[in-house]
Amino acid sequence: MRIGELSKRTDTPVRMLRYYEARNLIVSERLHNGYRDYDDYVVDRVRQIRGLLDVGLPTRIIGQILPCLDSPITIHMPYVTPDMVATLEEVRDRMAEKIECLTKNHTAIGDYLRAAGFDAEAS
DNA sequence: GTTCTCACA
DNA sequence: TGTGAGGA
């Protein structure tokens, strides 16, 4: 697919998609006319990138982490810088907080629905 | 109509 | 990262 479609499917500005590519976060082939051509798996890749970005990971670090999250899980850690470790720990903790918060609200809403007699949802 | 690259202050 | 120029 071309960049316009990828943009729609991932809800990411075309501008940012080219930016991610410049940062080596995603790759693309080139059509005869020079247009970028993306494989379907890139859609999930971009969503994963957006997810990491949302939690505060800079593209700089995502570029080093992403290869480790690829299909054949290659735990290849070339150069792990101290600041990279620090950033990851911080992000990991922030995610834990977010998960805890979500779990709490998930439970609360489930309880409410059940109490109101509208449940049917698996907890 | 779509995408491309380069570059700005 | 938004925006515009100038091409193909």
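To find a chain, count down the sequence lines: A is the first, B the second, and so on, and within it residues start at 1.
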With sequence neighbours left out, the residues meeting side chain to side chain contact (heavy atoms under 4.5 Å, CB included) with A/I99 are A/T103
My understanding is that only residues two or more places apart in sequence, or in another chain, count here; which of them pass salt bridge (charged side-chain N to carboxylate O under 4.0 Å, His left out) with A/R60? A/D83
Give me, pair by pair, the N or O atoms of the protein and of nucleotides 3-8 of chain C that are less than 3.5 Å apart, along with how far apart they are.
residue: C/dT3; atom: O4; partner: A/R15; partner atom: NE; Å: 3.2

Note: with side-chain heavy atoms under 4.5 Å as the link, the other cluster members for A/L31 come out as A/Y35
Going by heavy atoms in the side chains, are A/R2 and A/L6 under 4.5 Å from each other? no
The criterion is salt bridge (charged side-chain N to carboxylate O under 4.0 Å, His left out); which residues satisfy it with A/R50, sequence neighbours excluded? none
What pairs with A/D37 under salt bridge (charged side-chain N to carboxylate O under 4.0 Å, His left out), at least two apart in sequence or on another chain? none
Using the P atom in both, what is the distance from C/dG6 to B/dT2, to the nearest Å? 22 Å
Residues in side chain to side chain contact (heavy atoms under 4.5 Å, CB included) contact with A/D44, at least two apart in sequence or another chain: A/R47
Residue list, side chain to side chain contact (heavy atoms under 4.5 Å, CB included) with A/D93, at least two apart or on another chain: none
Specify the residue among A/R30 and A/K8 whose closest nucleotide of DNA chain B lies further upstream toward the 5′ end. A/K8
Could you pull out all residues at least two apart from A/T10 that satisfy side-chain hydrogen bond (donor to acceptor under 3.5 Å, both in side chains)? A/T12
Leading and trailing nucleotides of DNA chain B with any atom under 4.0 Å from heavy atoms of chain A: B/dT2 to B/dT5
Can you list the stems that DNA chain C is part of, where a stem is at least 3 pairs in a row, each Watson-Crick or G-U, with both distances below 3.5 Å? B:4-8 with C:2-6
Can you list the residues that meet the side chain to side chain contact (heavy atoms under 4.5 Å, CB included) rule with A/E5, with sequence neighbours excluded? A/M1, A/R9
